[in-house]
Amino acid sequence: MGAADSAKSKVQSGTSSASGSAGSAADSAKGAANRAVGKAKGNPLAVGLIAFGAGWLASALIPSSDREEQLAGDLKEKAAPLVDQVKESAQTVGSDLKDSAQQHASDLKDTAQDAAQTVKGDAQSSAADVKDSAQHAKDDVQGA
């Protein structure tokens with residue numbers, strides 16, 4: 001009888017210990033979850049990212065159905081001509097913008113060259129005026 005009571009006591013002790021460990025692990029997990037929620041409450045971006053990640057993970061784990069794959073294939077086939085049209089339009093717009101940008105760059109270059117010539121001419125004229133004024137001042141000083 002003593003051996004049976006001893007074995008029963010050990011089993012109960014082990015069960016209690018295992019139950020306590022499981023409860024401790026559950027409490028620890030709840031505490032970590034509560035801390036994460038507490039930190040996320042002040043940051044809506046973090047909450048959104050967590051929700052997005054959870055949704056993405058769930059969608060990755062669920063296999064697509066045959067109907068979904070068929071619809072995706074149909075959509076891809078129907079969208080192919082539109083994709084080609086968008087590519088052509090983008091190339092046309094890019095070409096037009098390139099031509100326009102080159103024309104504007106050429107116009108800007110011509111304007112800058114004209115401005116440089118004007119400034120050069122004005123500077124030469126001003127230098128000649130200063131030289132003449134200096135010569136007249138010299139003559140006036142010598143004649144006096």
[X]: hydrophobic cluster co-members (side-chain, 4.5 Å):
| X | value |
| --- | --- |
| Leu49 | Leu45 |
| Leu71 | none |
| Val83 | none |

From [X] [atom1] over to [Y] [atom2], what is the distance, rounded to the nearest 0.5 angstrom?
| X | Y | atom1 | atom2 | value |
| --- | --- | --- | --- | --- |
| Phe52 | Leu57 | CZ | CG | 11.5 Å |
| Gln103 | Asp99 | CD | CG | 9.5 Å |
| Leu97 | Gln102 | CG | CD | 11.5 Å |

### Message
Can a donor-acceptor pair be found, under 3.5 Å and without considering hydrogens, that links the side chain of Glu68 to the backbone of Ser65?
### Response
yes
### Task
Answer yes or no: is there a donor N or O on one side and an acceptor on the other, between the side chain of Ser95 and the main chain of Gln91, under 3.5 Å?
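No: the side chain of Ser95 does not pair with the backbone of Gln91.
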### Query
How would you list, by chain and number, every residue that makes a side chain to side chain donor-acceptor pair (under 3.5 Å) with Gln135, sequence neighbours excluded?
Asp139
### Task
Quick one: list whatever passes side chain to side chain donor-acceptor pair (under 3.5 Å) with Asp96, sequence neighbours left out.
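Per chain and number, Asp96 pairs via side chain to side chain donor-acceptor pair (under 3.5 Å) with no residue.
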### Pair listing, side chain to side chain donor-acceptor pair (under 3.5 Å) test, anchored in residues 113-134, at least two apart
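Found none.
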